[in-house]
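First the structure, in the form of structure tokens, and then the observations on it.
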Amino acid sequence: MSVSNTPRSYGTVTKTFHWVTALLILMIAPLGMIAHDLPYGTDAELAQKAFLFSLHKTLGVTVFFVALARILWALGQVKPGALTAPHSAQAMIASLVHWLLYISIVAVPLTGWVHHAATSGFAPIWWPFGQDLPLVPKSQSLAEVTAVLHGLFSQIMIASIALHVAGAFKHHLIDKDATLRRMWFGKTNAAGLGGAHGSWRAPVAALAIFALTGGIGAAVALVQSYDTAAPAQIALEQVSAGWTVTDGQISIVITQLGSNVQGSFADWTAAIDFDPAATGIAGEVSTTISIPSLTLGSVTSQAMGADFFDSATYPTARFTGAIIAEAGSYTADGVLAIKGSEVPVSFPFDLTVADDKAEMSGTLTLDRRDFGIGASMADESSLGFAVDVTLSVSATR
């Protein structure tokens, strides 16, 4: 049996690529569907869900590289002629399905990979090259768009596979020709009737199907992203104080399944009264945070759930305390209220003041158990106890 293709048969390499790709897809598709439907309310459930998603993603990246190698190999190979009339409707449909499959085995894993890289947390790809992709930013909108495209392109791929398999069995059982046999290992020579695979209409139609589906899917995802984000911006009361916040960020880092996941709150207010010349109690601060404005990578929706922040019941968190200035060091001592629990905290921070402009930054480590967050996860195997909170603020007087 020849390694390369001939005008009458497929070579060993082409056949190997075909069946390896088929095997991988038959593993990946059910893995993704099963993992998607699994619950994640306990440590064991989350660990199982993450394991299956990691396996799904790792095999998906494998399919992507196998597909690229398969396409590069095919570019230098002669393609055996179709065993049906070259200009028949059946030949056109077969060619279209082949092109849909070629595009989908690249587009499906690629959109899934970009979705993974655009977000953070939960179910890493099992390989040593990192979880990011060049030129792919961490972006909630990009993650949502690629998630939708991944789902839509997967449906095209599944439909194409179903048609491909049905066509193969038709050839084998009804037409009784060598279409299926010559893709299996062994020596099979079958003269084709013509170059139906070379028609330009099939690849153009396949590209048009993906472009139309992708365009509509991206538009719908962006609209949904906007609609979903809008309610998160709950109406926080305007504050008035001696200092006006001009810029700043509140970010958190959690540890899930051994990996750091970073997030931030998009909506918060701070009322600050502070005398830079004072010592001891130099002022006071009150900060209100919109919990639904948190983005936390791929686990954002999970974080809003009843076992975690329970944002539907407790839409805000609040810190109120005194600013203590002692020997050039600063601390905000007060009470942090999250999810109905009030916990005393002492928040050390660095501060520089010049010409009525202030810059402050600080990091505080909290214990999620103090606020009843993730109560069902009693150990750190799935979710770490420590949550690092970083605050940076620019303000003017």
Side-chain angles (χ1 to χ4, degrees), residues 1-29 32 56-83 86 91-117 125 127 129 133-136 146 149-150 152-165 167-168 179-180 182-185 192 194-214:
M1 183 169 58
S2 174
V3 172
S4 300
N5 296 356
T6 72
R8 300 172 64 89
S9 64
Y10 291 101
T12 305
V13 175
T14 298
K15 293 177 180 181
T16 301
F17 274 131
H18 178 275
W19 292 109
V20 167
T21 304
L23 178 62
L24 287 170
I25 291 173
L26 287 175
M27 295 171 62
I28 291 170
H56 172 81
K57 293 177 181 181
T58 304
L59 291 176
V61 171
T62 303
V63 166
F64 177 76
F65 287 113
V66 170
L68 290 184
R70 178 180 179 178
I71 292 169
L72 289 174
W73 173 258
L75 290 175
Q77 295 294 302
V78 62
K79 194 172 185 106
L83 298 179
M92 177 60 188
I93 293 171
S95 185
L96 173 62
V97 169
H98 274 94
W99 278 101
L100 289 174
L101 285 171
Y102 269 117
I103 297 172
S104 65
I105 60 176
V106 173
V108 172
L110 182 59
T111 50
W113 195 0
V114 172
H115 167 74
H116 175 84
I125 297 170
W127 70 343
F129 304 112
L133 278 174
L135 307 178
V136 177
T146 49
L149 295 183
H150 183 66
L152 291 174
F153 293 165
S154 295
Q155 293 179 39
I156 294 176
M157 181 175 68
I158 291 171
S160 300
I161 291 172
L163 290 171
H164 182 64
V165 172
T179 298
L180 180 58
R182 71 178 181 178
M183 185 49 75
W184 190 244
F185 297 96
H197 298 293
S199 172
W200 59 268
R201 294 180 179 84
V204 170
L207 288 170
I209 289 172
F210 271 90
L212 181 61
T213 304

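Just so you know, these numbers come straight off a predicted model, no measurement behind them.
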### Task
Applying side chain to side chain contact (heavy atoms under 4.5 Å, CB included), name anything that partners Ser104, two or more places apart in sequence or on another chain.
Leu101, Val108, Met157, Phe210
### Residues forming a side chain to side chain contact (heavy atoms under 4.5 Å, CB included) with Ile158, sequence neighbours excluded
none
[X] (side chain) donor-acceptor with [Y] (main chain) under 3.5 angstrom:
X: Lys15; Y: Met183; answer: no
X: Thr21; Y: Phe17; answer: yes
X: Asn5; Y: Lys79; answer: no

### Query
Is there side-chain contact between Phe153 and Leu110, with at least one heavy-atom pair below 4.5 Å?
no
### Query
Can you check whether His98 reaches His164 side chain to side chain, under 4.5 Å on heavy atoms?
yes
## Note on the structure
d(Trp200 CH2, Ser95 OG) to nearest 0.5 Å is 12.0 Å
### Leu100 side, atom CG; Ile93 side, atom CD1 - distance, nearest 0.5 Å
11.5 Å
### Task
Apply side chain to side chain contact (heavy atoms under 4.5 Å, CB included) to the pair Arg70 and His18, showing each step before the final yes or no.
CA-CA 8 Å; Arg70 178 180 179 178; His18 178 275; 3.7 Å; yes
Please tabulate, for the side chains in residues 56-68, all donor-acceptor contacts under 3.5 angstrom to protein atoms that are two or more places apart in sequence or on a different chain.
from  : atom 1 : to     : atom 2 : distance (Å)
His56 : ND1    : Ile28  : O      : 3.0
His56 : ND1    : Gly32  : N      : 3.4
Lys57 : NZ     : His116 : ND1    : 3.0
Lys57 : NZ     : Phe122 : O      : 3.4
Lys57 : NZ     : Ala123 : O      : 3.0
Thr58 : OG1    : Ser54  : O      : 2.7
Thr58 : OG1    : Trp126 : N      : 3.0
Thr62 : OG1    : Thr58  : O      : 2.9

Non-hydrogen atoms of [X] and [Y] that approach each other most closely:
X: Ile103; Y: Ala206; result: CD1-CB, 3.8 Å
X: Val136; Y: Ala117; result: CG1-CB, 3.9 Å
X: Phe185; Y: Thr12; result: CE2-O, 4.1 Å
X: Gly112; Y: His150; result: N-ND1, 3.3 Å

